[in-house]
Asker: 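Have a look at this one.
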Amino acid sequence: SPDQRHALARWTADRVVAAAGKLPVFVACDNDDVAEWAVDHGATVLWHPGIGLNAAVSRSVEQLRQQGLTHVAVAHGDLPRASSLAELIVADTITLVPDARRDGTNVVAVPTSVQFAFSYGAGSFHRHLALAVAGGHRVLVRRDAHLARDIDTPSDLTHPLVQEVLPPWL
């Protein structure tokens, strides 16, 4: 139901924020409810209405660079097994975490000094990898069974790694 999808989205997003640990958390969004949730969870909202995911992430990273941050980890809010995002930040390195299908990109950690064109959607992992390599950047592909698990379709909820952590109300 819509209410269950909403609760599931908040539950996975809660886990991603927790996975940031002591890192500062920023949420790029254009939705009042998401912004309120983010503030309630101690995050700073980066408001980007009507420009789409790729532009919102790119503008957010630029905004954070201007604020003096030198590296960011961009993680999507649908990762039920997210943990230790700080471990993905490696100096002078672009870290890519592909999804379980090795098609999408669940996490990108990138130095803010790098001009990186985020390109989410089908095939994003291969586009992100090609972009990083073509730019001559040091690249680390992190295959992580937990971070690879995202919730894109109802069938994703049946995977054993997801089943282990799902709340009882599901």
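Quick note: numbers below take in every heavy atom, side chains included, and nothing from hydrogens, waters or symmetry partners.
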Asker: Quick check: closest heavy atoms across Ala148 and Asn106, and the distance to 0.1 Å?
Answerer: O-ND2, 3.2 Å
Asker: Closer than 3.5 angstrom, by distance alone: can the side chain of Thr105 be matched with the main-chain N or O of Pro98 as a donor-acceptor pair?
Answerer: no
Asker: Would you say the side-chain atoms of Gln163 pair up with the backbone N or O of Leu157, donor to acceptor, closer than 3.5 Å?
Answerer: yes
Asker: Side chains of Ser60 and His48: does their closest heavy-atom pair fall under 4.5 Å?
Answerer: yes
Asker: Testing the basics here: between Val45 and Cys29, what is the closest heavy-atom pair and its distance to 0.1 Å?
Answerer: CG1-SG, 3.8 Å
Asker: Taking side chain as C-beta onward, heavy atoms only, is Ile151 less than 4.5 Å from Pro80?
Answerer: yes
Asker: Might you point out which heavy atoms bring Tyr120 and Arg127 nearest each other, and give the distance in Å?
Answerer: O-NH2, 3.4 Å
Asker: Identify the heavy atoms of Ile94 and Ala132 that sit nearest to each other, and give their distance.
Answerer: CD1-CB, 3.8 Å
Asker: Would a 4.5 Å heavy-atom cut-off, applied to side chains only, mark His76 and Val16 as touching?
Answerer: no
Asker: Would you say the side-chain atoms of Asp30 pair up with the backbone N or O of Pro49, donor to acceptor, closer than 3.5 Å?
Answerer: no
Asker: So do the side chains of Trp37 and Asn31 get within less than 4.5 Å of each other, counting heavy atoms only?
Answerer: no
Asker: Show, in sequence, the C-alpha distance, side-chain angles and deciding distance for Thr93 and Arg138, and conclude whether the side chain to side chain donor-acceptor pair (under 3.5 Å) test is met.
Answerer: CA-CA 5 Å; Thr93 301; Arg138 184 170 171 224; 3.0 Å; yes
Asker: Supply the atom-to-atom distance Glu87 CD to Arg142 CZ, rounded to the nearest 0.5 angstrom.
Answerer: 5.5 Å
Asker: Is it true that a side-chain atom of His137 and a backbone atom of Leu131 form a donor plus acceptor pair closer than 3.5 Å?
Answerer: no
Asker: Are any non-hydrogen side-chain atoms of Thr95 and Val108 less than 4.5 angstrom apart?
Answerer: no
Asker: Quick one: do Ile89 and Leu85 end up in the same hydrophobic cluster if we chain Ile, Leu, Val, Met, Phe, Trp and Tyr together by side-chain heavy atoms under 4.5 Å apart?
Answerer: no
Asker: Going through the distances and angles, do Val61 and Leu64 end up as a side chain to side chain contact (heavy atoms under 4.5 Å, CB included)?
Answerer: CA-CA 5 Å; Val61 170; Leu64 295 172; 5.5 Å; no
Asker: Roughly how far apart are Gln63 CD and Ser58 OG, rounded to 0.5 Å?
Answerer: 12.5 Å
Asker: Please name the pair of heavy atoms, one in Ala122 and one in Asp103, separated by the smallest distance, quoted to 0.1 Å.
Answerer: CA-OD2, 3.6 Å
Asker: So does Glu62 pair up with Arg59, basic N to acidic O under 4.0 Å?
Answerer: no
Asker: Nearest 0.5 Å please: distance from the OG1 atom of Thr70 over to the CZ atom of Arg65.
Answerer: 11.5 Å
Asker: Would you kindly confirm whether Leu46 and Leu69 end up in one hydrophobic cluster when ILVMFWY residues are joined by side chain heavy atoms under 4.5 Å apart?
Answerer: yes
Asker: Verify the ring-centre separation between Phe116 and His128: is it less than 6.0 angstrom?
Answerer: yes
Asker: Apply the test salt bridge (Lys or Arg N to Asp or Glu O under 4.0 Å) to residues Asp33 and Arg10: give CA-CA distance (whole Å), side-chain angles for both, the deciding distance (0.1 Å), then the verdict.
Answerer: CA-CA 11 Å; Asp33 290 336; Arg10 284 183 179 243; 5.4 Å; no
Asker: Starting from Val141, can I reach Val133 by hopping between I/L/V/M/F/W/Y residues whose side chains sit under 4.5 Å apart?
Answerer: yes
Asker: Can you check side chain to side chain contact (heavy atoms under 4.5 Å, CB included) on Arg15 and Val165, steps first, answer last?
Answerer: CA-CA 10 Å; Arg15 295 177 69 84; Val165 296; 3.7 Å; yes
Asker: Does Asp150 come within less than 4.0 Å of Arg81, counting only side-chain N to carboxylate O?
Answerer: no
Asker: Could you see if Val114 belongs to whatever hydrophobic cluster contains Val74? Use Ile, Leu, Val, Met, Phe, Trp, Tyr and a side-chain cutoff under 4.5 Å.
Answerer: yes
Asker: Decide yes or no for Val27 and Thr44: does some side-chain heavy atom of the first lie under 4.5 Å from some side-chain heavy atom of the second?
Answerer: no
Asker: Look up atom CG in Asp99 and atom CG in Asp152, then write down how far apart they are to the nearest 0.5 Å.
Answerer: 7.0 Å
Asker: How close do His71 and Val90 get, heavy atom to heavy atom, and via which atoms?
Answerer: CE1-O, 3.1 Å
Asker: Is a side-chain donor or acceptor of Ser1 paired with a backbone partner of Gln4 at a separation under 3.5 angstrom?
Answerer: yes
Asker: May I ask you to check whether Ser124 and Ser119 show a side-chain donor-acceptor distance below 3.5 Å?
Answerer: no
Asker: Are Val162 and Leu79 grouped together when hydrophobic residues (ILVMFWY) are joined by side-chain heavy atoms under 4.5 angstrom apart?
Answerer: no
Asker: Is the count of non-hydrogen atoms from other residues, nucleotides or ligands lying under 6.0 Å from Asp92 atom CG greater than 12?
Answerer: no
Asker: Answer whether the closest heavy-atom distance between the side chains of Val72 and Phe26 falls below 4.5 Å.
Answerer: no
Asker: Take Val97 and Phe125 through the side chain to side chain contact (heavy atoms under 4.5 Å, CB included) test and state the conclusion after the steps.
Answerer: CA-CA 8 Å; Val97 181; Phe125 171 67; over 6 Å; no
Asker: Do His41 side-chain atoms and Ala43 backbone N/O form a donor-acceptor pair below 3.5 Å?
Answerer: no
Asker: Taking the side chain as C-beta and beyond, is there a heavy-atom pair between Thr12 and Leu8 under 4.5 Å?
Answerer: yes
